[in-house]
A.B. asks: 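Structure incoming, see below.
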Amino acid sequence: MFTRILNQGISWIKQKSFFEFFKQSSVRTFTLLFVLGITLSITIASCSQTNSTNSANALKQNPENTHLKVLKMGHQKGMALLNILKAQRNLEKRLQPLGVSVQWSEFSSTAPLLEAMSVGSIVFGGGGGTGSVFAQASDKPFVRVAANTSSTRSSAILVLENSSIKSLGDLKGKKVAFAKGSSSQYMIVRALEKAGLKYSDIQPLYLSPAEALPAFERGKLDAWVIWDPYTADAERKLPTRLLADNSTVFGDRAIVESPGFYYASPDFVRDHPEILKIILQELEKAGNWSKKNYKNSAKLLSALYKVDLATMEIVEKRGGERKVLPITDEVLTGLQHMADTFYELKVIPQKIDVKDKNYNWLPAQKW
């Protein structure tokens, strides 16, 4: 339309003088110019919109073109390697040449950490596998990008030294405390199965570590299912006896049956896989350092956790391999057992498939 009107105007001007053109048809001329202006504006706007759309599509097709300026990391006290990485600032040193700064946020547990990830407050963090089961059951967006091995003593079932409970079978009818929806709840279910008991055979008391400790000390509980550093602290300060630990309950699958995980937002996994690999490499280095220097690691974590140095030395001495592992079918099989258990207990609202590819990063090769 624009070309047709423009050609008509030029042809008319050629046939008449410029003065006659305006004199003879001022209304028509005004209309023509108005139409020309409107058409030109629409054409320019259309081009601008097309360019904007093309730019957005290009960004979507080439997300690496978006330079990451701030890496938002999440950590909590249970994930030692993340805390070591934060304290030593090795990730900051590694990313500085790339123009990337690091921002850390602390969380009380895995659930709020993954909640923050789902709204974009952080893009990477770590926590227990239990938290990811709840998050997936609630359709929160996240990706398991790696797992970490745990100590065979990272979780335990404790009784007081003078308790009449001598075996797992003796827990029948007893008051057993643990945090609801935690790895400890999963552990007690599996421990009872091993002893030929059902979950309904005990009196479960859903208590946080802070609530359970004084009750356990006063003898108000028959048994306490808990994890390090609380396990080590109770064993060191109270007259306790170990009824069972990870190896007792899970056997040779202890290190993979209830591991911790490292999580990343789906957008971060898609857009910045090279940065993701750098984080995992630095976590591996932190694990190697803490294994070879457990006393220095204990000193560092003692200050961070505000836990007695003697307690942290126990935790770090029995800390295991401290490996950072790719997400494998074996690791996810253990997590599926946990998810199925929580569904059967009606702790989560729906049955989930933890092997869903949308929730797991399966790189072609290890980072």
Side-chain angles (χ1 to χ4, degrees), residues 74 76 78-79 105 107-147 150 155 175-194 197-212 225-227 249-250 253 256-269 327-362:
Q76 57 174 304
M79 300 297 288
S105 298
F107 296 87
S108 60
S109 63
T110 308
L113 184 146
L114 290 177
E115 177 66 31
M117 183 173 291
S118 72
V119 297
S121 297
I122 60 170
V123 298
F124 188 95
T130 309
S132 74
V133 168
F134 283 87
Q136 187 173 339
S138 300
D139 297 320
K140 302 291 184 187
F142 70 91
V143 180
R144 302 178 190 93
V145 295
S150 58
S155 294
K175 297 176 181 177
V176 183
F178 46 84
K180 187 176 183 178
S182 68
S183 58
S184 293
Q185 184 173 14
Y186 176 58
M187 182 180 186
I188 190 63
V189 172
R190 294 295 298 274
L192 293 170
E193 288 177 355
K194 193 175 182 67
L197 298 176
K198 297 178 181 178
Y199 188 67
S200 57
D201 287 328
I202 64 168
Q203 298 179 51
L205 298 177
Y206 303 129
L207 300 175
S208 69
E211 295 169 327
V225 192
I226 193 57
W227 57 85
V249 176
F250 300 116
R253 288 186 53 81
V256 295
E257 190 69 20
S258 184
F261 286 90
Y262 296 104
Y263 306 105
S265 69
D267 289 350
F268 182 67
V269 174
I327 300 300
T328 63
D329 185 75
E330 182 183 22
V331 168
L332 292 178
T333 295
L335 190 64
Q336 188 66 56
H337 291 159
M338 179 188 288
D340 292 343
T341 297
F342 284 148
Y343 175 69
E344 291 164 7
L345 293 174
K346 299 185 180 351
V347 176
I348 59 174
Q350 61 178 322
K351 191 175 181 63
I352 63 170
D353 177 14
V354 303
K355 297 182 181 181
D356 184 334
K357 63 181 181 179
N358 294 311
Y359 289 95
N360 300 288
W361 185 52
L362 305 172

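FYI, side chains are in, hydrogens and waters are out, and symmetry mates aren't considered; it's all heavy atoms of this structure.
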A.B. asks: How far does NZ of K351 sit from CD of E344, to the nearest 0.5 angstrom?
C.D. replies: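 CD of E344 is found 6.5 Å from NZ of K351.
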
A.B. asks: Got a second to check how far M187's CE is from T341's OG1, nearest 0.5 Å?
C.D. replies: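 Taking CE in M187 and OG1 in T341, the distance rounds to 13.5 Å.
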
A.B. asks: When you look at M338 and T130, which way does the side-chain contact (heavy atoms from CB on, under 4.5 Å) test go after all the steps?
C.D. replies: CA-CA 8 Å; M338 179 188 288; T130 309; 3.4 Å; yes

A.B. asks: By ring-ring contact (aromatic ring centres under 6.0 Å, His included), which residues pair with F107, not counting sequence neighbours?
C.D. replies: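 So F107 forms no ring-ring contact (aromatic ring centres under 6.0 Å, His included) with any residue.
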
A.B. asks: Are any of the side-chain heavy atoms of D267 and V123 separated by less than 4.5 Å?
C.D. replies: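 No, side chains not in contact.
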
A.B. asks: Taking the ring of Y263 and the ring of F124, is the distance between their centroids below 6.0 Å?
C.D. replies: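 Judged by ring-centre distance (under 6.0 Å), F124 and Y263 do not meet the cut-off.
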
A.B. asks: How far apart are the C-alpha atoms of S132 and K140, what are their side-chain angles, what is the distance that settles it, and do they pass the side chain to side chain donor-acceptor pair (under 3.5 Å) test?
C.D. replies: CA-CA 9 Å; S132 74; K140 302 291 184 187; over 6 Å; no

A.B. asks: Would you say Q76 and T110 are linked by a side-chain donor-acceptor pair, where the criterion is simply a distance under 3.5 Å?
C.D. replies: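 A donor-acceptor contact under 3.5 Å links the two side chains.
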
A.B. asks: Do you know which of D201, V249, I202 makes side-chain contact (heavy atoms from CB on, under 4.5 Å) with L192?
C.D. replies: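 Considering D201, V249, I202, a side-chain contact (heavy atoms from CB on, under 4.5 Å) with L192 is found only for I202.
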
A.B. asks: Is there a side-chain contact between Q185 and L345, using heavy atoms and a 4.5 Å cut-off?
C.D. replies: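 SC-SC contact between Q185 and L345 confirmed.
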
A.B. asks: Would you please name every residue forming a ring-ring contact (aromatic ring centres under 6.0 Å, His included) with Y262, sequence neighbours left out?
C.D. replies: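 By the ring-ring contact (aromatic ring centres under 6.0 Å, His included) rule, Y262 matches no residue at all.
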
A.B. asks: Please tell me if the side chains of L205 and E211 come closer than 4.5 Å, counting only heavy atoms from C-beta onward.
C.D. replies: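 Not touching, per the 4.5 Å side-chain cut-off.
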
A.B. asks: Report the relative orientation of the aromatic rings in F134 and F342; use parallel for angles under 30°, tilted for 30 to 60°, perpendicular for over 60°.
C.D. replies: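 Because their plane-to-plane angle lies in the 30° to 60° range, the rings of F134 and F342 count as tilted.
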
